[in-house]
A.B. asks: 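Have a look at this one before I ask anything.
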Number of protein chains: 2
Amino acid sequence: MPRQAAFHPHLILDAASRLAARDGPAAATIARIAGELGAPTGSIYHRFASRDVLLGEVWLGAAEAFQRDFGAVLAGDPPREAALAAAAFVPARVRRRADEARLRLLHRREDFLGGAWPGELAARARALQRAAVAGLHEACQRLCGRADAEALRVLRFAVVDAPLAAVLPHLHAREAPPPVVDALVRASAEAALAMLTGPQSRRRAQRR
Amino acid sequence: MPRQAAFHPHLILDAASRLAARDGPAAATIARIAGELGAPTGSIYHRFASRDVLLGEVWLGAAEAFQRDFGAVLAGDPPREAALAAAAFVPARVRRRADEARLRLLHRREDFLGGAWPGELAARARALQRAAVAGLHEACQRLCGRADAEALRVLRFAVVDAPLAAVLPHLHAREAPPPVVDALVRASAEAALAMLTGPQSRRRAQRR
DNA sequence: ACTGTTCTAGAATACTTATTCTATTTTGAG
DNA sequence: CTCAAAATAGAATAAGTATTCTAGAACAGT
């Protein structure tokens, strides 16, 4: 019965992603997204209840894809090598999927949404957040036998914050991270992990 | 002759800074800045040619203040200790001047200005950028005898990017960086600096 | 061919924004 | 006391925004 769709939700999400990755989320206005597709603005609202839902979906999609793969690496064995691999995963991912990385790493949720998550997305966002915390918690426990706030902070620095910092200037410059970035990521991750496993494990080994 | 000023430029800059630090630069609209002061919007334009000039001044002011002190630390002697001190300077500064740090570290120039620097500020912005590059260049040269792109990248990571990464989650959470952050900053800075001075200087020493 | 459903089309609305304009007030020197 | 400069005051303007609304077009099953 229905008429054939000319503007699949998928096309709209693509256009919004492209605009947000290139010029930032604020540039992804309804008018511009529609313009990118040659569509009237009304057609966007036929598919998405609001701009917040649309942009939220864009951000959540990128974040979920990134975190799924990142989490898989971090959950590997043995835990120390898994953590180093997770850190190394960040620049590799940025090289292979620059747009996704720009969305996920250059902007925060607030830049996309302003306010809170719209109803339908709130659950997914919470699940994502929980999965990230749980993944880090488990890796921390396996790595050093504890998962207090301080240990979590150190591990997060090693596998998330420092790799992000190494990659960030190149995201801003819209260029692929050079090879030296991988060396920086590895060196800083090892240094941070040594704070968790280094002296203590040595001491523990000596005691035995 | 003239009438007494009720809204000094200084007061306007303060109000804009406060708003931008608290809710982000996008929240610092002319209407809100005026509201914060109990002033009509026209009075803002009596002092500042445009919103871009006003917000540009806010950002440049914070950036110049931060960089002046940071640069002084980085220029100290001996170069290796100066670099470590510069890295340690970042979390210390964030603790002491949270608002300035939020402006400078949480947002980029583009979030404040959108377009290019307005005329009067362009020269100051260029000078600031040049000073930052020169300071890093000189420190790099003193530290390891070279200042090619790779060495500069490593030094920048050690003293700027990694400390920023360590501090960033706490800026987002609007809390003071905990002590473990200082340890992370030191460890990652040492690890990065070792890539510049470690193996090579040992080799050089062995050759003599 | 008809018909109801789903879509496109794009004008219309309501709101927020930066900016400009036209008074009006204050102030101190002559 | 007067007057011109420099300030406040706040309404008016012009864009740009998300969102809604009404009309028409396409299409599969009958």
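If you're wondering where the values come from, they're calculated on a predicted model, not measured in any experiment. Order of the sequence lines fixes the chain letters, A, B, ..., with proteins taken first and strands second; residue numbering starts at 1 for each chain.
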A.B. asks: Give a yes/no answer on whether the side chain of A:Q4 brings an N or O atom under 4.0 Å of OP1 or OP2 in D:dA26.
C.D. replies: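 Checking D:dA26 against A:Q4, no side-chain N or O comes under 4.0 Å of OP1 or OP2.
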A.B. asks: Heavy atoms, side chains only, cut-off 4.5 Å: are B:V90 and B:R93 in contact?
C.D. replies: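 Side-chain contact under 4.5 Å: no.
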A.B. asks: Taking the side chain as C-beta and beyond, is there a heavy-atom pair between B:D77 and B:R142 under 4.5 Å?
C.D. replies: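 Sidechains of B:R142 and B:D77: in contact.
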A.B. asks: Could you tell me whether the phosphate oxygens of C:dT24, OP1 or OP2, come under 4.0 Å of any side-chain nitrogen or oxygen in B:R3?
C.D. replies: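 No, no such contact exists.
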A.B. asks: Whole angstroms only, please: what is the NE2-P distance between B:H46 and C:dT25?
C.D. replies: 17 Å
A.B. asks: Any donor-acceptor pair under 3.5 Å linking the side chain of B:R102 with the backbone of B:L171?
C.D. replies: yes
A.B. asks: Salt-bridge test for B:E36 and B:R32: reply yes if a basic N is under 4.0 Å from a carboxylate O, no otherwise.
C.D. replies: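 Here B:E36 does not pair with B:R32 in a salt bridge, since their nearest N and O are not under 4.0 Å apart.
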A.B. asks: Once the angle between the rings of A:F112 and A:H107 is folded into 0 to 90°, is it parallel (under 30°), tilted (30 to 60°) or perpendicular (over 60°)?
C.D. replies: perpendicular
A.B. asks: Just the rounded figure in Å: distance from P of C:dC7 to CG of A:L37.
C.D. replies: 16 Å
A.B. asks: Which letter, B, S or -, goes with each nucleotide of nucleotides 10-20 of chain C from 5' to 3', with contact meaning a protein heavy atom under 4.0 Å?
C.D. replies: BB-----SSBB
A.B. asks: Step by step, work out the salt bridge (charged side-chain N to carboxylate O under 4.0 Å, His left out) result for A:D99 and A:R18.
C.D. replies: CA-CA 7 Å; A:D99 271 17; A:R18 228 174 310 136; over 6 Å; no
A.B. asks: Verify whether one side chain among A:R153 and B:H170 offers a donor that lies under 3.5 Å from an acceptor in the other.
C.D. replies: yes
A.B. asks: Separation of B:I44 atom CD1 from D:dA7 atom P, in whole Å?
C.D. replies: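 From B:I44 CD1 to D:dA7 P: 14 Å.
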A.B. asks: End-to-end bend of the helix from C:dA1-D:dT30 to C:dG30-D:dC1 (five-pair axes, 10° rounding)?
C.D. replies: 10°
A.B. asks: Give the C-alpha distance, both sets of side-chain angles, the deciding distance and a yes or no for side chain to side chain contact (heavy atoms under 4.5 Å, CB included) between B:D111 and B:W59.
C.D. replies: CA-CA 10 Å; B:D111 301 328; B:W59 196 88; over 6 Å; no
A.B. asks: Without decimals, in angstroms, what is the distance between A:F7 CZ and C:dT6 C1'?
C.D. replies: 14 Å
